[in-house]
Amino acid sequence: MGGVAGVIDLTCTREVEPRKLGGMLRVIAHRGSAGETTRHQAGIAMGVCYSHPPAHPVEEQPAVSSDGKVWAVMDGRIFNHTELRREIDNRGCRLAGHSDAELILHLYELRGVDCLAQLDGEFALLVWDGRLRRLFAARDRLGVRHLFYAVRDEMVYFASESKGILASGDVERRLDLKALDQVLFMNCPVAPRTMFEGVSALPAGHFLLIQDGQVTHQPYWDLEFMPEEPGLRNEEVYRDQLLALLRDAVRVRIPQDRSVGVYLSGGLDSSAVTALMHQNGLDSFPAYFADFALPAYSERMYADLMVSAVGAPFNVVEMSFQHIAENFPRLIWHGEAPVVLTEAASLLPLA
């Protein structure tokens, strides 16, 4: 995980104070404590806090075009980066490093917003096109990564969390009462609403364009439930197809350059992921489990069965109602909304 933040003057005439961007990054520094990089130019400032530092200076964000007019930042990972780099190389463009932000920059220059059709990953990306004075942003299909924005007086503020935008000092902290109603009715605000009036969340599977004073966002992907005639395929075919998709989904999420672990709740989902990690060739990886002091709430027995089957080192954090209560303020601060369901508070000690 990492974090992005920035301020852009759509008129390209006003300077952005470096301390403003610094304050925005500091408040989201928990997303990446391995350092940060920033870049400033007339009317624009962008920065990133890293969970893992760039391997080389050319991989620092923002990625910038050769003429300095197009900038790109992103939080997340592009899973099919190898194929996309090959395509860019075949077009005669040599990438300087292995940054996904640089990859996004060149894909945007080649295809514009249509580059989204090629991307397989979990990401929040943002491109400032100074040639067109256009801001382009997008969020992955299922919304694993977040991106928030606010527009004030032809200034655009964006960050990985709402608090990053509020830290600019230019956006007022006002409660959105309709978002509060959504929380009480559906447990969370529904994008593009947030708990803060004037701060918007880019919805999952959408892209955003800000140009000529107009702000538009629209979907580029959605689920499709296509009816199928009965009898065309049997249960075994569906089973094998689902298993193949799950195996591939786990495989692409295992980084080759760093160690990984797994949160194992004892339930079906996390147990399946743990087993598939083992099948993908990981010899030993740590498993983490939050165990409740009351036996009636504990799923330790099922987690024990899984770690025994795959031979994973088991790390257990004891949890109680007192721990949940103590973690509740942190949960609200990170979630940036009233919390109706409390189980997430039990996972904070594992973060």
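Because only heavy atoms are used, hydrogens play no part in the values below, and waters and symmetry mates are left out as well, while side chains stay in.
The residues Glu172 and Arg152 are annotated as not salt-bridged, no charged nitrogen and carboxylate oxygen being separated by less than 4.0 angstrom. A salt bridge does not link Asp222 with Arg141: every distance from a Lys NZ or Arg NE/NH1/NH2 to an Asp or Glu carboxylate oxygen is 4.0 Å or more. Under 4.0 Å is where a charged nitrogen must lie from a carboxylate oxygen, and between Arg251 and Asp248 at least one such pair does. The pair Arg139-Glu122 fails the salt-bridge criterion, with no side-chain N (NZ, NE, NH1 or NH2) lying under 4.0 Å from an Asp/Glu carboxylate O. At a threshold of 4.0 Å, the pair Asp75-Arg145 counts as salt-bridged, since one of the basic side-chain nitrogens sits closer than that to a carboxylate oxygen. Comment: Lys69 does not engage Asp129 in a salt bridge, judged by the lack of any side-chain N to carboxylate O separation of less than 4.0 angstrom. Between Arg31 and Glu161 there is a salt bridge, since a side-chain N of the basic residue sits under 4.0 Å from a carboxylate O of the acidic one. A salt bridge between Glu87 and Arg91 is present, with a side-chain N of the basic residue lying under 4.0 Å from a carboxylate O of the acidic one.
Between the side chains of Arg247 and Gln279, at least one donor N or O sits under 3.5 Å from an acceptor N or O. For the 3.5 Å distance criterion, the side chains of Thr37 and Tyr50 qualify, holding a donor opposite an acceptor. A donor-acceptor pair shorter than 3.5 Å cannot be found between the side chains of Tyr220 and Asp114.
Within 6.0 Å of OH in Tyr302 there are 12 or fewer heavy atoms belonging to other residues, nucleotides or ligands. Heavy atoms from other residues, nucleotides or ligands lying under 6.0 Å from CD of Glu236 number more than 12. Crowding of Phe185 atom CZ: a count of heavy atoms from other residues, nucleotides or ligands under 6.0 Å not exceeding 12.
Looking at residues two or more places apart in sequence or on another chain, you find no salt bridge (charged side-chain N to carboxylate O under 4.0 Å, His left out) involving Arg39.
Aromatic rings of Phe148 and Phe158 (six-membered ring for Trp) have centroids beyond the 6.0 Å cut-off, not under it. The aromatic ring centres of His98 and His56 sit 6.0 Å or more apart.
Considering Ile165, Asp176, Leu166 as possible partners of Phe196, the one that fulfils the side chain to side chain contact (heavy atoms under 4.5 Å, CB included) test is Leu166. Residue Asp9 forms a salt bridge (Lys or Arg N to Asp or Glu O under 4.0 Å) with just one option from Lys20, Arg14, Arg133, and that option is Arg14.
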Quiz item: Run the side-chain contact (heavy atoms from CB on, under 4.5 Å) check on Phe123 and Arg77 step by step: do they pass?
Solution: CA-CA 6 Å; Phe123 55 82; Arg77 292 174 59 207; over 6 Å; no
